[in-house]
There are 2 protein chains.
Amino acid sequence: MDASPNVGLLLFLPYRAMESRVLTTLASVGYSDITLAQARVFQRIGPDGTRLTDLAEQAQVTKQTAGFLVDQLERTGYVRRVPDPADGRARLVRITERGAAAQETAAGVVAAMESEWEQHLGSRRMAALRETLLRLREITDPYA
Amino acid sequence: MDASPNVGLLLFLPYRAMESRVLTTLASVGYSDITLAQARVFQRIGPDGTRLTDLAEQAQVTKQTAGFLVDQLERTGYVRRVPDPADGRARLVRITERGAAAQETAAGVVAAMESEWEQHLGSRRMAALRETLLRLREITDPYA
DNA sequence: TAGATTAGACAGTGACACTGACTAACGTCA
DNA sequence: TGACGTTAGTCAGTGTCACTGTCTAATCTA
C-alpha cells in the first residue's frame, strides 16, 4: 500500500496540503477565528448570497450543522443573513466586507500554491491535471 | 468560482466520493461500526503492525486522538495491541482477522471505483493522472 | 548512573455533525 | 379559499472527534 497508494489517497494528499496552507496563512494575517469546517461552508457562498439549505447540500452536511457554522461566521463578522426577497421563509447568507477580504487572501494563497505545483509538474502536466479533474468531476460531484 | 474551481477543490471531490462509497459499502455488508476517522487511521496500519505514534504522525492527528480511535477499533475487534518486542515502552497495533476481512472488502470497492474512473477518462488519462499525482505527492506529503 | 527523550495513557475542553421535533411560509388543488 | 403536503430554518439533545496539558514508565545518551 505504501508502494502504490490508491488514487483516492493520492488525491487527498495535495488537497490537504492546500487546505492547511490556506488556513495557516489566514490565521497568520489576522483571520485566526476561522475553522476548517467554517471555511468549507464559506467557500460555497455565491456573490449574491446563498441559502442555508443550498450551502448544506453542497458541503454535504445537515441543515443544522450548516446553520451552526453560519452562526459562528456571523458572530465573527464574515457573513450576515438577509431576508430572501423571493421567499419569505428563506434568508440569504451574504459575505461581508471582512469576509470578502479574507476570501481575497485565500485566493492569493491558492494561486501561489497552484503555481508552485505548476513549477514542479511543468505547465503541460498541470493543464492536463486540471482537465482530467474536471472530467472526473462529472461523475463524482452530484452538484456540478 | 463555480466556473473554474481551484485545483484543490477539484482534488477533493473525487476523493470524497471514493471515501464515502467505501464507507457505505462497508456498512452495508456488516461493518457498520467503523467511522471515517477510524478508517483513516486503520488504513495506515502496516502488515506487521504499527506503533501508535507512527499512526498518529501519518494520519496527522495527535497521539491522544490516535489512541482514542485505536481504542474504538480494538473494542469492535478490528485491531489488537501487542507488545513491541523491540521496545518495552511501545506496543504494536495489529490488524485482526475481522480487520483483514474488512480491509479486503474496502480494497475491492477502491478497485471497482478506479475502474469506473478509468472507463470515464480512458486508460491513458487515468495513467497520466496517477503519475502526476505521484509527482505531486513529492512536494505535498511530508511522509512520502 | 543522571538526565534527556520517547511511548503511551488519563483528564478535561471545545468543535463538529447527527437525529428528532418544531414553527412559519409557500404551493397546490379541489 | 381553505385544507394539505412541502420546504426553509431553528431549537434541543447526543455522540464523535481532535485538541492541550499532565503524568508514568521505559529507553537512550553521555
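In what follows, chains are A, B, ... by sequence order, proteins preceding strands, each numbered from 1.
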N/O (side chain, A:Thr35) to phosphate O (OP1/OP2, C:dC16) under 4.0 Å: yes
Side chain to side chain, B:Glu116 and B:Gln119, heavy atoms closer than 4.5 Å: no
Nearest-angstrom distance from the residue atom CG of A:Leu52 to P of D:dC11: 12 Å
Heavy-atom side-chain proximity of B:Val109 to B:Leu26 below 4.5 angstrom: no
Presence of B:Thr65 side-chain N/O under 4.0 Å of D:dC19 phosphate oxygens OP1/OP2: yes
Note, A:Leu129 side chain near B:Leu136 side chain (heavy atom, < 4.5 Å): yes
Phosphate OP1/OP2 of C:dT6: any B:Arg51 side-chain N/O under 4.0 Å: no
C:dT19 OP1/OP2 closer than 4.0 Å to side-chain N/O of A:Thr62: no
Spacing between A:Leu36 atom CG and D:dT16 atom P, to the nearest angstrom: 21 Å
Separation of D:dA26 C1' from B:Asp87 CG (nearest whole Å): 7 Å
Residue met sooner reading DNA chain C from 5', once A:Val61 and B:Ala90 are mapped to nucleotides: B:Ala90
Proximal nucleotide (of C:dG8, D:dC17, D:dA12) relative to the B:Phe68 side chain: D:dC17
D:dT16 phosphate, OP1 or OP2, under 4.0 Å from B:Gln38 side-chain N/O: no
Rounded distance in Å - CZ (B:Arg89) to C1' (C:dT6): 4 Å
side-chain N/O A:Arg40 vs C:dA15 OP1/OP2, d < 4.0 Å: no
Rounded interatomic separation in angstrom, taking CG from B:Leu55 and P from C:dA7: 12 Å
Interatomic distance, B:Lys63 NZ vs C:dT6 P [rounded to whole Å]: 10 Å
Below 4.0 Å: OP1/OP2 of D:dA25 and any side-chain N or O of B:Arg91: no
Among D:dC19, C:dA17, C:dG8, the one nearest B:Gln64 by side-chain distance: D:dC19
Mutual orientation of the aromatic rings belonging to A:Tyr78 and A:Tyr31 [parallel < 30°, tilted 30-60°, perpendicular > 60°]: tilted
Test item: B:Phe12 and B:Leu9 side chains (from C-beta on) under 4.5 Å apart, heavy atoms: yes
Interatomic distance, B:Ile34 CD1 vs D:dT16 P [rounded to whole Å]: 14 Å
Whole angstrom value for the distance that separates C1' of C:dA15 from CG of A:Asp33: 14 Å
Of A:Thr50 and B:Gln72, the one whose closest DNA chain D nucleotide lies more 5': A:Thr50
